[in-house]
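Here the structure comes first, spelled out in structure tokens, and everything after it is commentary.
Throughout, a chain's letter reflects where its sequence line sits, starting with A, and its residues are numbered from 1.
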Amino acid sequence: MERKVRVRFAPSPTGGLHLGGVRTVLYNYLFARHHKGDFVLRIEDTDQTRFVEGAEQYIMNCLEWCGLIPDESPENGGPHVPYRQSERKHLYKDYAELLIESGHAYIAFDTPEELEKMRAENKRDDNTNPQYDQRIRGLMRNSLTLSAEEVAALIAQGTPYVVRIKMPENETISLTDMIRGEISFDSSLVDDKVLLKADGMPTYHLAVVVDDYLMQITHAFRGEEWLPSAPVHVLIWKYLGWKEKMPLWAHLPLILKPDGNGKLSKRDGDRLGFPVFAMNWTDPKTGEITKGFKEMGFLPQAFVNMLAMLGWNPGVEQELFTMDELVQRFSMERVHKGGAKFNFDKAKWFNHQYIQHTDNAVLAGLVKPFFLQSAPEAIQVSGEILEKVVGMVKDRCHLLTDFWEQGHFFFVTPEIKEMAVIKDKWNDQKQQFFTAWITELENMSDWNHDALETGCNELAPKFGLKKGDVMLPLRIMLVGGKFGPGVFAIAELIGKEETIKRIKSITG
RNA sequence: GGCGUGUUGGUCAAUCGGUUAAGACGCCUCCCUUUCACGGAGGAAUGACGGGUUCGAUUCCCGUACAUGCUACCA
């Protein structure tokens, strides 16, 4: 008797895909896979004024990057095509009419100006936001206040109208939320939401119910911001006679900004220097680019893992999970109720962990595009060299973009940024040592780490120098700064000619 | 203003009435390393506040405070 689990992610294609959106997708995906169910992508494009070119394809790209591929979608179809609400437009009106016939909805002719006027006139200190509620509806121009003839005439004249739900008086509407338990609302305090707009498109309220029903959705997950309109949706399910089929709801906690309070927004990312969108988003109107986690150098697996743990945890100490492990362990009941402040440092930590655990050859492939971006001319190196470099510097890298910063000196002669470290303690002994060592290096037949190190160690004392006196200047000469892997390992890899060249550039 | 939801260390968080209130990130100290990292060992919470219920509350109930969301012919 159990229905097959079917969940859906229903974004509206209006711009970049936010962290919170990706997390909603992820929880949908994990839940569906855990229960061997279906994961549907449905595009909620009923607001034609907010349509943004390319946003839908962009969302698909983000899901693909994250490895959260829907089973059914506008692109790949499925048993419930179409998956774009704009293409389902014809479906909704019939249901709105059904509601009118049963007396649970009505036609309203009020113009936007009239609505504005109503709000202005009814605004009080103790009611700063007048709603189209049971008192107000008796004062407006709708099929409740007008006679049937008047209504018919207005429609015949082509007067634009909307369909509104008629909220009952003094009823307690309650629902069970998988995360929050029982939640109830007083119907008298919910307003008569518009269900069908004047352009014939449904609003979210009608569309979400009709489509969830038609697509046989069993569990509906969405952000906490939807909670206040949940009673409207519950009532529509009931009035349409589908109550038995209503999905189980779960309202996910919000992702908050790191400083202060409030929902994390794109602006916060710009302000604090971290991405909020999954991938780069280019506004087609302004051309403005907003950075994404992908382009910032995140591994999708790390990004997903981090998101999974932001608001949910399996109750064990382990924090690193493969997608399969997440699928296995995920349960909606363990989602935290309160919102979570986004912590970019922790996100970077996850990425660092994944970088360490990724095979060097694979990592080299991932890093290469970033290298090409940083210095296209520098990359005429073999994959083998890149792989070695990646292996040598990976423990210093949190983001893929860090690899160039940490390993550029393997490919290009570095700019000496810490010249003072060499100059301040320079003396004749050092000058003589390096001159002598260069000669030694030039004659070295077996160029490798160990030979270089022993050679250096044996030569330094002859000039009254300790190993420590010589190591740091050498590092700066080869690397440009006080960082990086072992100096001799670097020298081995960049080769004799380049090593000598870099030393000479300082010693003259 | 109204309605909803939430509140364990700077952050993410475990605890499903009885613990010295886990762990992770970040921060600080030390060790390792004659660089930077990595790694290792330490340090830092009287669980928003006030009432109950109970032999016993971080855990259950109520109130207050605070935070946040919604209050469009947007989703």
Open item on the list: Counting primed atoms plus P, OP1 and OP2 as sugar-phosphate and everything else as base, spell out the protein contacts along nucleotides 69-75 of chain B at 4.0 Å heavy-atom distance: B, S or - for each nucleotide, 5' to 3'.
Closed with: BSBSBBB
Task: Whole-Å C1' distance, B:C38 and B:A57 - done: 44 Å
Task: Distance between C1' atoms of B:U11 and B:G26 (Å, rounded) - done: 8 Å
TODO: For B:A44 and B:G52, measure between their P atoms and round to the nearest Å.
DONE: 33 Å
Open item on the list: Using atom P in both nucleotides, what's the gap between B:U58 and B:A22 to the nearest angstrom?
Closed with: 14 Å
Open item on the list: Strictly by Watson-Crick or wobble contacts shorter than 3.5 Å, is anything paired with B:A57, and which nucleotide is it?
Closed with: none
Task: Side-chain N,O (A:His336) to OP1/OP2 (B:A14) below 4.0 Å - done: yes
Task: Partner of A:Phe293 under ring-ring contact (aromatic ring centres under 6.0 Å, His included), chosen from A:Phe274, A:Phe350, A:Phe303 - done: A:Phe303
TODO: Could you tell me whether the phosphate oxygens of B:A14, OP1 or OP2, come under 4.0 Å of any side-chain nitrogen or oxygen in A:Asn313?
DONE: yes
Open item on the list: Test of understanding: with salt bridge (charged side-chain N to carboxylate O under 4.0 Å, His left out), list the residues that count as partners of A:Lys93, not counting sequence neighbours.
Closed with: none
TODO: Go ahead and name the base partner of B:U8; Watson-Crick or wobble counts if both distances stay under 3.5 Å, otherwise write none.
DONE: none
- [ ] State the pairing partner of B:A72; accept Watson-Crick or G-U wobble contacts with both distances under 3.5 Å, and report none otherwise.
- [x] none
- [ ] Please determine which of A:Phe330, A:Phe221, A:Phe9 meets the ring-ring contact (aromatic ring centres under 6.0 Å, His included) test together with A:Tyr27.
- [x] A:Phe330
Open item on the list: Please name the nucleotide paired to B:C30 by Watson-Crick or G-U wobble geometry with both distances under 3.5 Å, or report none.
Closed with: B:G40
- [ ] Go through the side-chain N and O atoms of A:His251 and A:Arg222 and say whether any donor and acceptor fall under 3.5 Å apart.
- [x] yes
Open item on the list: So does A:Ser331 get a backbone contact from the side chain of A:Trp312, meaning a donor-acceptor N/O pair under 3.5 Å?
Closed with: yes
